[in-house]
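These numbers come from a predicted model, not from an experiment. Labels below follow one simple rule: chain letters A, B, ... track the order of the sequence lines, proteins then strands, and each chain is numbered from 1.
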Amino acid sequence: MSFSDKILKWYQENKRDLPWRGIRDPYKIWLSEIILQQTRVAQGTPYYFKFIEAFPTINDLANAKEEQILKLWQGLGYYSRARNLHTAAKMVVNENDGIFPGTYKELLKLKGVGDYTASAISSICFNERQAVVDGNVYRVLSRYFGIDIPINTTKGIKYFKNLAQEVLHSNNTSDYNQGIMEFGAIQCTPKNPNCEKCPLSNSCVALEKDKIKTLPVKVGKTKVRTRYFNYLVPITRNLENDKFTQLRQRKGKGIWQNLWEFPLWESEKEIDAIEVEKVVLKKFKLDGLSEITLHNENPIVHKLSHQHLHTKFWIIEGDFKFKKCIKTLDLINYPVPVLIADFMKTFKF
DNA sequence: AAGTCGGGGTC
DNA sequence: GACCCAGACTT
């Protein structure tokens with residue numbers, strides 16, 4: 001049996017029963033693929049159900065408010081995926097009568113759809129001969145064929161796409177592509193792969209040369225930037241004793257684009273209440289200030305893949321009259337970063 | 001070619 | 001703490 005025959009056979013005997021398995025509706029497969037980019041199946045699955053329920057068709061998704069999409073996406077990370085999802089849905093509805101593209105080439109034009117996702121949709125839904133290359137495939141191929149070209153270089157990306165295309169199973173690309181990914185996720189795992197019981201073990205170069213632990217090769221390491229966030233949480237009441245606060249939408253570049261947060265003061269280093277009061281009086285124009293209290297004794301360190309956010313939440317109480325204020329009871333409706341959502345859970349407004 | 005974009009699981 | 005996850009986009 002060839003490499004691809006063994007993968008296919010292993011898949012048919014070992015595949016998990018996932019919600020999007022056995023489906024060839026390109027809308028649903030696309031949705032699942034976007035959700036699963038850089039995301040584990042266990043983390044993404046609940047989001048897949050939420051989105052299918054809220055937006056049964058691509059028309060529903062295209063007609064939704066971005067706010068609603070981001071709210072449903074909250075907690076999944078990489079929020080550009082959600083924004084691009086909306087853009088792509090509108091593209092299909094407005095420019096293609098709601099008919100989802102049916103070829104690799106056409107799929108690539110959709111915002112948020114790159115080589116991997118276009119290959120996945122076109123092969124799974126239409127059995128097109130396009131090999132997927134995701135993190136699983138890099139691992140399986142680099143080990144089995146003993147390839148030590150770094151996978152995160154232009155050369156490596158091109159090399160592995162070509163290799164994947166060469167070994168692609170010819171007449172069942174749908175199951176084969178899902179099979180090699182499933183094989184990487186369950187059998188040929190990053191750590192402690194199950195080589196003792198592997199259908200490819202007698203011809204795996206990495207196993208023979210004891211290179212399982214060093215393959216695949218990846219170069220460079222993301223350096224982490226430390227930032228100091230001070231969230232100024234204003235709280236005021238009206239005559240009926242309803243509580244109000246304020247959120248602002250993040251714009252421009254950087255993290256959490258279009259998500260909401262409390263007024264933010266970013267500092268060069270950790271700051272204290274004295275400094276916060278100066279900032280509040282100068283920059284935030286909150287007339288009626290009565291008290292500033294620190295919510296968390298020690299900074300909360302929120303870790304992103306390339307930023308560590310040392311965060312203090314300052315509760316600013318007073319008799320304010322700001323324009324865009326919101327009832328604290330309505331906070332739940334806004335899409336916010338996990339850092340903010342966690343604060344809202346622990347703080348009693 | 002290198003940098004940016006999240007949050008969570010695993011070892 | 002380091003690495004990874006059904007990657008794509010921007011600079």
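Checking Gln37(A) against Arg81(A) by side-chain atom types alone, no donor-acceptor pair falls below 3.5 Å.
Contact check of residues 296-307 of chain A against DNA chain C (heavy atom, cut-off under 4.0 Å) returns Lys303(A).
Using a 4.0 Å heavy-atom criterion, one finds that Leu76(A) contacts the bases of the nucleic acid, with or without backbone contacts as well. Within the 4.0 angstrom heavy-atom criterion, no nucleotide atom of any strand lies near Gly220(A). Gly75(A) comes within 4.0 angstrom of sugar-phosphate atoms only, judged by non-hydrogen atoms across all strands, and of no base.
Atom pair Arg225(A):CZ and dT4(B):P shows a separation of 7 Å (rounding to whole Å applied). If you take NZ of Lys191(A) and P of dA2(C), they are 11 Å apart, rounded to a whole angstrom. The separation between Asn258(A) atom CG and dG6(B) atom P is 11 Å, rounded to whole Å. Computed from coordinates, the Leu259(A) CG to dC5(B) C1' distance equals 12 Å when rounded to whole Å. Taking atom CG of residue Leu72(A) and atom P of nucleotide dG7(B), one finds them 16 Å apart after rounding to whole Å. Look at CZ on Arg227(A): it is 11 Å from P on dG6(B), rounded to the nearest Å. Trp256(A) places its CH2 atom 11 Å from the C1' atom of dG7(B), with the value rounded to the nearest Å. Rounded to a whole Å, the CD1 atom of Ile186(A) is 18 Å from the P atom of dG9(B).
dT11(C) and dG6(B): their P atoms are spaced 15 Å apart (whole Å). On the C1' atoms, dG3(B) is 23 Å away from dA6(C), given to the nearest whole Å.
Each of Thr222(A) and Ala42(A) lies near DNA chain B, and the nucleotide nearest Thr222(A) is the one positioned closer to the 5' end. Judged by closest nucleotide on DNA chain B, Thr153(A) is the one of Thr153(A) and Asn192(A) placed further toward the 5' end.
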Which donor-acceptor pairs under 3.5 Å do side chains of residues 269-281 of chain A form with protein atoms, sequence neighbours excluded?
unit_1    : atom_1 : unit_2    : atom_2 : d
Glu270(A) : OE2    : Lys312(A) : NZ     : 2.9
Asp272(A) : OD1    : Ile274(A) : N      : 3.3
Asp272(A) : OD1    : Glu275(A) : N      : 3.1

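With sequence neighbours left out, the side chain to side chain donor-acceptor pair (under 3.5 Å) criterion links Ser119(A) to Lys161(A). Applying the side-chain contact (heavy atoms from CB on, under 4.5 Å) test to Asn136(A) and every residue at least two apart in sequence or in another chain returns Asp134(A), Arg139(A), Met181(A), Ala185(A). Shown here are the side chain to side chain donor-acceptor pair (under 3.5 Å) partners of Glu182(A), two or more places apart in sequence or in another chain: Arg16(A), Arg21(A). In this structure Glu166(A) satisfies the side chain to side chain donor-acceptor pair (under 3.5 Å) test with no other residue, sequence neighbours excluded. By the salt bridge (Lys or Arg N to Asp or Glu O under 4.0 Å) test, Lys50(A) is found to be paired with no residue, residues two or more places apart in sequence or in another chain being considered.
In summary, the aromatic rings of Phe347(A) and Phe313(A) are positioned with their centroids too far apart to meet the 6.0 Å limit.
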In 5'-to-3' order, the base (B), backbone-only (S) or no-contact (-) status of each nucleotide in nucleotides 6-11 of chain C, using a 4.0 angstrom heavy-atom cut-off, is BBSSSS
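Partner Trp20(A) forms a ring pair (Phe, Tyr, Trp, His ring centres under 6.0 Å) with one of Tyr48(A), Phe51(A), Phe49(A) and no other, that one being Tyr48(A).
In the hydrophobic clustering, where aliphatic and aromatic side chains (Ile, Leu, Val, Met, Phe, Trp, Tyr) are joined below 4.5 Å either directly or transitively, Tyr104(A) groups with Leu108(A).
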